[in-house]
Every structure is written in C-alpha cells, then in structure tokens.
Amino acid sequence: MEKIVIEGGHRLVGSVKAAGAKNAALPILIATLVAPGEHRLDNIPDLADISSTLSLLGRIGCPSLVGPTVKVDTSRIAFSEAPYDVVRKMRASVLVLGPLIARHGEAHVSLPGGCAIGVRPIDQHLKGLEALGAQFELSGGMVHATAGRLRGADFTFDMPTVTGTENVLTAAVLADGVTVLRNAACEPEIEDLAGFLNSCGAKITGAGTPTLTIEGVARLSPPSRPWSVVPDRIETGTYLCAAAVTGGDITVTHTDPSMLTAVLARLEDAGCIIDTTATTIRLRGPERLKPFTIVTEPHPGFPTDMQAQLMTLATLADGRSEITETIFENRFMHAAELMRMGARIETKGNHATVQGVPRLTGAAVMASDLRASAALLLAGLSAEGLTEVLRIYHLDRGYDGMVEKLRALGARIGRVDNDLRDPEALRRAITAA
Ligand code: EPU
C-alpha cells in the first residue's frame with residue numbers, strides 16, 4: 001500500500017486541465033446498456049471507479065477497450081448480476097438496476113449498505129422503478145428484480161437523489177408511454193446523462209430541472225459520434241482550493257464555470273479573486289483567507305462534495321467559519337484529522353464551527369473517503385513541514401493523476417510505500433520528480 005507525502009508551504013502556480021466528470025462518466029457508461037451496440041465515449045477520466053465500472057460491464061457480457069476514446073460493446077447481455085464484491089467497492093454499481101430491468105427484464109444487484117459518509121439507502125431507486133412496473137424481492141443481501149415491459153408513470157421522489165434519478169430515468173427511456181419524474185435531482189451530471197440518452201434516440205425533456213418528462217421509445221442505439229463527458233466540477237473546485245490555501249494562482253482549463261456558481265461565490269467570500277471565461281477559471285489566493293459560511297444543498301446549492309475541501313480553507317481563515325452539512329449525516333470525518341494538524345474545529349451534529357489559525361502543521365493523517373482525502377491533501381499543501389496521507393486508495397477512486405497535476409503546479413508531493421518512514425528518505429521522494 002502507498003501513502004502520499006507532501007512538504008507544505010509552496011505556492012502553487014500554473015494551469016491544470018480538468019478531467020471528465022466521474023459522476024457523469026459512471027452513469028453514462030452504465031447507460032450504454034440500454035442501447036445495444038458499439039459505444040464510443042470521450043473525456044472518460046482514468047480512475048479506479050471507471051475500471052470497476054468497465055469490469056462490471058465485462059461481467060455482464062459487455063467488453064470494453066480503454067484508450068483516448070473508451071469503447072464499450074453492449075450488443076449482448078449475458079448475465080444480469082452486480083455481486084457484492086463489486087458493489088461494496090463502488091456504490092454506483094447499483095446504477096445497473098434500471099438499465100438491466102428495462103432491457104433484460106431482470107437484475108440481481110447486491111444492496112450497497114452504508115459507507116463512511118452515511119447510511120445511504122436506495123429506497124427511492126426501488127420505489128421509482130416499482131412505479132414503472134418492476135417487482136423486487138430482497139434475499140441474501142441482494143435485490144432481485146423482475147419486470148415485463150415497463151410502463152410510464154408519474155413518480156415523485158421523497159428527496160432529490162442523484163443516482164436515484166439516474167437509475168429511474170435510464171429505465172424509463174424504454175418504458176411504454178410517458179414517465180414524469182418529479183422532485184428529481186438537477187445536477188449537471190444528470191443533464192449530461194440525459195443528453196447522452198437523447199443522442200441514443202431517447203425522448204427526455206426537463207433535465208437539469210426538478211421535473212423530467214420521458215416519452216418511452218421501443219429501442220435505442222449508440223450515437224453515431226462519440227459522446228464527450230462534461231468536465232469534473234468537483235475536481236475543478238478542488239484545484240481552485242489548492243490555489244486558495246497556498247496563496248497561489250491557478251487556472252483550471254477545459255472546465256465549465258456555470259456548473260460551479262455556488263462554489264465560486266463562497267471562494268470569493270473567502271477573499272479569493274476569480275476570473276472566468278467560458279471554459280477556464282483562474283483563482284488567485286489572498287495573503288490570508290477570510291471566514292465564510294456554507295450550507296450544503298442539492299444543485300444548484302453548494303455541493304456536499306466540496307464541503308471537506310472548503311473546511312480546509314476555513315481552518316486557515318482569519319476568523320470563524322460556519323459549515324452545515326445537510327445531505328449526508330456523517331460527512332465530517334476529515335474534521336478530526338484536520339485537528340491533528342492544528343485546526344480548531346467544533347462539530348455538533350451536522351454543524352461545524354471552524355476557528356481559523358494562521359497555519360497548520362504537517363502530521364500523519366488518515367483519509368476516510370474520497371473528498372476527505374482531497375481536504376487532507378489541501379491541508380498538507382499549506383502546512384508547515386511534512387504531511388503523510390494514508391489510505392489514499394480513496395483518492396484514486398475519483399481524482400485522475402492528482403499527484404502529477406499538483407507537482408506540475410509546483411507542489412512537493414509524492415507517493416511512497418506505506419512503510420517508508422525515514423524523514424530524509426521521504427523528503428527525497430518528494431523532490432525527485
Ligand atoms: N437517499 C435516500 N434514499 C435513496 C437515495 C438517497 O434516503 O434512495 C438520501 C441519501 O442518503 C442522502 C440524500 O438522499 O442523504 C442524497 O443522496 P444521493 O442519492 O443524491 O447521493 P448518491 O446518488 O448516492 C451522488 C454522488 C455523490 C454525491 C451525492 C450528492 C455519484 C456516483 N455519487 O451520490 O458523490 O455526494 O450524489 O451530491 O454520482 C463523490 O463523488 O465523492 C460522491 C460521494
């Protein structure tokens with residue numbers, strides 16, 4: 001196993017290209033299942049979660065070829081199962097449920113269970129698919145689903161759920177008649193999925209709003225041109241934070257500022273100077289950050305996936321910041337690790353009060369989930385001395401080439417074996433690029 005070692009205190013400067021969005025690439029790759037044939041997809045990030053998805057598609061009988069353009073052949077479905085060993089590594093595997101039911105009439109998917117950030121039930125996925133005519137049986141930790149031809153329905157989600165909306169949407173495209181999904185999630189990744197499905201011949205309107213209308217069609221086929229996945233707004237935001245915590249000057253290219261309105265507004269509150277064009281965002285960090293308030297909300301509100309990174313900013317601000325997490329019930333695991341680096345944070349339920357300090361000090365810290373890992377890396381970039389981030393497999397699930405990208409911006413950072421402890425050897429590992 002490896003850990004990431006960072007020598008903090010170096011100002012990051014330069015430009016970095018945003019990768020394709022993990023949370024758009026995953027549902028789109030899985031949605032290829034509803035359109036039999038050879039698919040070509042561009043801007044798919046190189047991530048552990050993408051490899052897991054391609055191997056899941058392979059187990060279903062759909063081989064893929066990885067390259068600058070990812071190819072998936074969904075002509076044949078041989079198996080309709082997502083077993084526990086796959087789902088346990090990647091919750092988004094439950095996204096096969098809708099497409100498999102719609103195309104194949106059955107699906108057997110392991111229940112994902114909870115994870116580090118919360119209980120994360122999938123009741124809304126099941127209720128929505130049930131409204132379309134699917135039937136479920138739970139046994140042995142698996143959901144066994146069967147259905148004849150699905151029928152359009154009018155369904156209202158109890159709360160906006162991103163993958164829940166994607167799962168039901170991807171089934172409804174092949175249902176008989178019209179489906180209306182209300183209180184749907186509005187994230188840009190759902191718009192991208194709907195755009196992809198429409199390019200396969202689906203008839204979806206309203207994506208990006210809380211009401212989706214889907215006119216079912218009898219069959220779909222792969223689009224004639226490769227579909228290019230939208231940029232990763234969370235990765236973009238994370239690099240902007242790297243400029244903010246190091247007083248740096250970073251431009252993220254190949255991105256889309258319109259997907260980050262709430263994040264950019266809070267970064268401005270924190271004293272950062274931001275300039276945008278249609279596809280780039282430049283952030284110049286201040287000498288000392290200012291305190292701010294964030295409340296996480298479904299899109300277009302402030303995204304929960306940027307909460308941990310902004311908490312790192314708050315630990316360095318000149319005053320008291322307030323952070324409220326309303327999406328997941330246990331998403332402050334990074335707070336205790338940041339406190340090991342000298343941060344002053346008090347958490348009470350879903351609320352954190354952060355009293356900024358002039359600087360953090362390097363320490364060994366443990367990543368608990370993907371975005372917590374990013375928050376700890378950011379802390380390490382700003383801290384005095386050496387920081388070691390353990391359990392970095394979380395990071396590999398969602399950030400494409402992060403260590404290399406940060407190095408190119410001037411960070412002293414490297415990956416080393418977990419057992420390497422000698423401070424001089426660690427220092428050498430991060431300077432020998
Ligand atoms: N919820 C239910 N029942 C359901 C579904 C959701 O109670 O059937 C609750 C959840 O427990 C949570 C809230 O609804 O409290 C919203 O969860 P949502 O379903 O929207 O989350 P998700 O679809 O499981 C996606 C992203 C997450 C991101 C959230 C929120 C993907 C693959 N994952 O998860 O991304 O945090 O939406 O925006 O799209 C990440 O990338 O690090 C990550 C965790």
Side-chain angles (χ1 to χ4, degrees), residues 19-31 45 47-50 52-53 56 87 89-98 109 111-131 136 143 155-170 181 183-193 210 229-230 232-238 259-260 262-263 296-309 325-331 333-334 350 367-375 393-400 402:
K22 165 178 85 78
N23 290 347
L26 296 179
I28 289 175
L29 279 170
I30 294 176
L47 303 171
D49 272 11
I50 296 296
S52 304
T53 303
L56 173 59
V87 180
K89 272 201 239 143
M90 191 188 60
R91 303 180 53 84
S93 313
V94 299
L95 284 169
V96 299
L97 202 51
V109 177
L111 277 169
C115 78
I117 62 176
V119 180
R120 304 183 76 179
I122 57 159
D123 57 305
Q124 299 299 306
H125 303 227
L126 302 186
K127 277 190 191 166
L129 292 168
E130 225 160 29
F136 297 105
V143 181
F155 178 75
T156 305
F157 290 99
D158 292 342
M159 78 280 291
T161 151
V162 175
T163 49
T165 302
E166 291 165 350
N167 225 339
V168 184
L169 168 67
T170 312
L181 300 179
N183 199 23
C186 304
E187 269 66 3
E189 292 76 19
I190 294 174
E191 270 185 88
D192 203 32
L193 169 65
V229 167
V230 289
D232 197 313
R233 64 195 163 101
I234 306 301
E235 189 207 24
T236 298
T238 304
M259 301 200 292
L260 283 124
V263 172
T296 64
E297 282 169 342
H299 194 76
F302 186 90
T304 174
D305 289 344
M306 283 302 297
Q307 179 259 107
Q309 298 90 316
E325 170 60 56
T326 73
I327 307 294
F328 293 112
E329 63 276 21
N330 190 28
R331 212 175 192 181
M333 303 270 277
H334 41 282
N350 70 341
S368 53
D369 72 83
L370 172 57
R371 308 306 171 185
S373 320
Y393 51 85
H394 292 296
L395 200 75
D396 295 334
R397 290 190 37 219
Y399 286 94
D400 184 342
M402 192 174 197

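Remember, it's 1-based here, ligands and their atoms both numbered in the order they're listed. Any value given below was found using the heavy atoms of this structure, including those in side chains, with hydrogens, waters and symmetry copies removed. In this text, all values refer to a predicted model and were calculated from it rather than measured experimentally.
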Taking 4.0 angstrom as the limit and counting only heavy atoms of [X], give me the atoms of ligand 1 inside it, by number and element.
X	value
Q124	3 (N), 4 (C), 8 (O)
H125	8 (O)
L370	42 (O)

Working to the nearest 0.5 Å, report the span between CD of E189 and OG1 of T163. 11.5 Å
If we set the cut-off at 4.0 Å for heavy atoms, which region of K22 has an atom near ligand 1: side chain, backbone, both, or neither? side chain
Please work out whether any backbone atom (N, CA, C, O) or any side-chain heavy atom from C-beta onward of T304 is under 4.0 Å from ligand 1, and answer side chain, backbone, both or neither. side chain
Just jot down the side-chain contact (heavy atoms from CB on, under 4.5 Å) partners of P27, sequence neighbours excluded, or say none. L95, E166, L193
So, T326 versus E297: side-chain donor-acceptor pair below 3.5 Å or not? no
Sub-4.0 Å heavy-atom contact, [X] with ligand 1:
X	result
R331	yes
P121	yes
H299	no

Nearest-contact summary for atom 42 (O) of ligand 1 - protein heavy atom, Å: R371 NE, 2.9 Å
Note, R371 side chain near Y399 side chain (heavy atom, < 4.5 Å): yes
Heavy atoms, side chains only, cut-off 4.5 Å: are N23 and E187 in contact? no
